[in-house]
Amino acid sequence: MQVLKFGGTSVGSANRMKEVFQIITSDNHQKIVVLSAVSGTTNSLLAFAQMLASGQIQEATAHIDNLETKYHHLVDELYSDIQIITTAQNFIREKFDHLREFVEKPFDTAQEKQIVAQGELISTQLFTWYLHQQGQEAILLPALDFMRIDKSSEPDEYYMKSMLEKELLLAGSSPIYITQGYICRNAYGEVDNLKRGGSDYTATLVGQAILADEIQIWTDIDGMHNNDPRIVDHTYPVKNLSYDEAAELAYFGAKILHPSCVLPAQKANIPVRLKNTMDPQAEGTMISDRKADGEITAVAAKDGIVAIKIKSGRMLNAYGFLKKIFEIFEKYQTPVDMVTTSEVAVSLTIDDTTNLSKILLDLRQFGQVEVDQDLSIICLVGNFTSDQRGYAMKIFSAFEEVPIRMISYGGSKYNVSVLVHSQYKKSGVAINQPGSIRSGINISFPPKVKNTVWL
Ligand code: ADP
Ligand code: ASP
Ligand code: MG
């Protein structure tokens with residue numbers, strides 16, 4: 001069985017949904033199809049929730065009415081069968097009546113999760129009816145019955161595997177199953193989600209649960225590019241990536257993949273193919289245990305990074321110091337991304353600043369603490385094996401014009417991370433563009449960067 005995930009743009013209109021139908025029926029593989037909400041819907045539902053939170057009742061009502069109208073148009077364009085059109089229009093009315101009920105209720109975050117879940121619930125139902133209209137056998141599997149996160153918001157793999165097996169048995173055999181990306185239940189049984197872009201994660205978790213032959217992530221671009229196409233010109237797709245390389249890129253900002261979605265596929269050794277819905281013939285990217293060729297294969301950048309430096313004479317020749325420091329981050333459940341140490345200081349980075357002030361307070365007992373904000377981690381992924389010479393020099397040279405705050409080299413053989421102030425991100429990420437370090441011609445070649453806003 002295969003798992004195919006289609007993102008928001010891929011199901012963004014009636015025509016796009018029809019193209020997805022062509023793609024999923026073009027071969028005889030049995031498949032679970034994971035769908036995102038129609039593009040723009042999740043943002044729109046979050047905006048609606050935000051309006052409710054701030055008491056803008058009239059705006060919220062107008063906003064949700066407007067979104068409903070778009071869906072009635074979508075239904076008219078998607079189907080030709082009058083009976084299905086009537087059923088689908090009634091379904092949309094019911095869904096939006098349900099959303100309007102939230103206007104009357106006191107707002108809380110649990111409600112926001114219920115509101116935002118409607119996007120995927122709607123897209124999957126509409127698409128399943130389209131398949132039926134086309135005479136295609138397909139069964140809708142409710143993700144809320146088998147996708148679950150635990151108390152630490154981590155996927156409950158054991159639960160998901162056993163529940164999905166049960167669901168599939170109960171549903172009976174079908175060439176195609178459809179399910180919702182992104183949404184799940186939490187440890188208390190409430191509706192929750194896997195965070196923005198979470199449909200990729202659903203796909204790999206489902207793939208892991210059923211030990212799929214292959215997972216395909218269909219989106220609006222022909223695979224993982226060597227650089228972020230939103231900020232750098234002339235990027236190109238990378239044909240092969242190892243799980244480790246892809247995981248680093250996803251975690252450090254390559255939006256094409258949810259930050260955590262590579263791990264479930266890697267654990268089960270299932271190949272992940274990234275494909276373009278708008279150009280299905282394009283080769284895309286294959287993520288497997290085979291690594292990419294070349295020096296710097298791809299670059300990604302993560303913004304909103306905060307660096308913390310703890311300086312203390314007590315570190316000299318002492319043991320247990322780092323442990324105490326890291327225990328503080330553990331206490332406040334704050335992941336640390338980069339670390340560098342000297343004999344008297346340790347610098348580290350975080351991107352979750354929810355508990356920053358408490359962390360700083362606790363750290364002060366160990367020495368002087370300095371905080372630096374508005375930083376970006378530039379993550380260089382490639383082949384940095386220790387027997388190769390000259391990489392550090394090349395990287396430093398390529399960043400000649402950019403002040404480097406921290407550099408992490410040697411932690412793994414496929415990743416080098418460089419911390420810079422966000423204002424230097426644009427020039428930093430273009431390091432692997434042709435003419436730059438990759439070709440070895442001109443390391444400090446001025447990068448051609450779009451005049452777009454930063455990520
Ligand atoms: P979907 O809605 O299908 O999940 P996303 O918008 O989440 O699609 O992800 C696809 C987008 O990721 C692309 O349109 C592209 O702008 C962006 N992106 C950022 N970095 C990269 C990269 N290195 N390679 C390809 N796409 C990238
Ligand atoms: N619809 C969700 C979002 O916009 C999940 C996804 O698209 O992957 O974040
Ligand atoms: Mg996405």
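Sequence positions, counted from 1, serve as the residue numbers for this chain. Indexing begins at 1, ligand by ligand and atom by atom, following the structure's order.
Looking at K161 and E157, no side-chain N of the basic residue comes within less than 4.0 Å of a carboxylate O on the acidic one, giving no salt bridge. A salt bridge links D65 with R100: the closest approach of a Lys/Arg side-chain nitrogen to an acidic carboxylate oxygen falls below 4.0 angstrom.
Each of the atoms 1 (N), 2 (C), 5 (C) of ligand 2 lies under 4.0 Å from some heavy atom of E120. Close approach of ligand 1 to I221 is summarised as follows: ligand atoms under 4.0 Å from at least one heavy atom of the residue are 13 (C), 25 (C), 26 (N).
Among protein heavy atoms, the minimum distance from atom 16 (O) of ligand 1 is reached at R230 CG, 3.4 Å. The protein heavy atom nearest to atom 4 (O) of ligand 1 is K5 NZ, 3.0 Å. Of the protein's heavy atoms, I256 N, 3.4 Å lies nearest to atom 12 (O) of ligand 1. Atom 6 (C) of ligand 2 has its closest protein heavy atom at S199 OG, 3.3 Å. When hydrogens are left out, the protein atom nearest atom 6 (O) of ligand 1 is K255 NZ, 2.8 Å; that is the closest non-hydrogen contact. Closest to atom 11 (C) of ligand 1, if we only count protein heavy atoms, is D220 OD1, 3.9 Å. Of all protein heavy atoms, the one lying nearest to atom 4 (O) of ligand 2 is R196 NH2, 2.9 Å. Looking from atom 23 (N) of ligand 1 to the surrounding protein, the closest heavy atom is H225 O, 3.3 Å. Taking atom 1 (P) of ligand 1 as the reference point, the nearest protein heavy-atom neighbour is T219 OG1, 3.6 Å.
Here H258 has no heavy atoms under 4.0 Å from ligand 2, in either its backbone or its side chain. Contact annotation: for S36 versus ligand 2, heavy atoms closer than 4.0 Å belong to the side chain alone. Only the side chain of P229 comes within contact range of ligand 1, with a heavy atom under 4.0 Å; no backbone atom does. By the criterion of a heavy-atom distance under 4.0 Å, the backbone of N227, and not its side chain, is placed next to ligand 1.
Not a single heavy atom of H258 sits closer than 4.0 Å to an atom of ligand 1. Ligand 2 is approached by G197 to a heavy-atom distance shorter than 4.0 Å. Using a 4.0 angstrom heavy-atom cutoff, G223 counts as in contact with ligand 1. Not a single heavy atom of G181 sits closer than 4.0 Å to an atom of ligand 2.
Surrounding CG of D27 are more than 12 heavy atoms belonging to other residues, nucleotides or ligands, all under 6.0 Å away. Atom CD of Q333 is surrounded by 12 or fewer heavy atoms from other residues, nucleotides or ligands within 6.0 Å.
Below 3.5 Å of separation, one finds no N or O of G8 facing any N or O of ligand 2. Looking at ligand 2, you won't find any N or O of K195 less than 3.5 Å from one of its N or O atoms. Annotation: G8 places an N or O atom under 3.5 Å from an N or O atom of ligand 1; distance criterion only. By the 3.5 Å distance cut-off applied to N or O atoms, T42 is counted among the residues near ligand 2. Checked by distance only, ligand 1 and T9 stay at 3.5 Å or farther apart across all their nitrogen or oxygen atoms.
Of the options L375, L419, D351, I378, a side chain to side chain contact (heavy atoms under 4.5 Å, CB included) to K302 is made by D351 and by none of the others.
Under 3.5 Å, the side chains of K275 and Q216 contain no donor-acceptor pair of N or O atoms. Donor-acceptor pairing under 3.5 Å is recorded for the side chains of S54 and Q56. For the 3.5 Å distance criterion, the side chains of N226 and T235 fail to qualify, holding no donor opposite an acceptor. A donor and an acceptor atom, one from each side chain of T9 and S39, are nowhere located under 3.5 Å apart.
Contact detail for T202 and Y182: the closest heavy-atom pair is OG1-N, 2.8 Å. In plain terms, the two heavy atoms of I139 and A171 that are nearest each other are CD1-O, 3.4 Å.
In this pair, F21 and Y130 present their aromatic rings perpendicular. The plane angle is above 60°, beyond the 30 to 60° band.
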Inset, instruction - Please assess D352 against T354 for the test side chain to side chain donor-acceptor pair (under 3.5 Å), listing each intermediate value before the final yes or no. - result: CA-CA 6 Å; D352 178 356; T354 322; 2.3 Å; yes
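For Y243 (side chain) and I270 (main-chain N/O), a donor-acceptor pair under 3.5 Å exists by modelled atom type.
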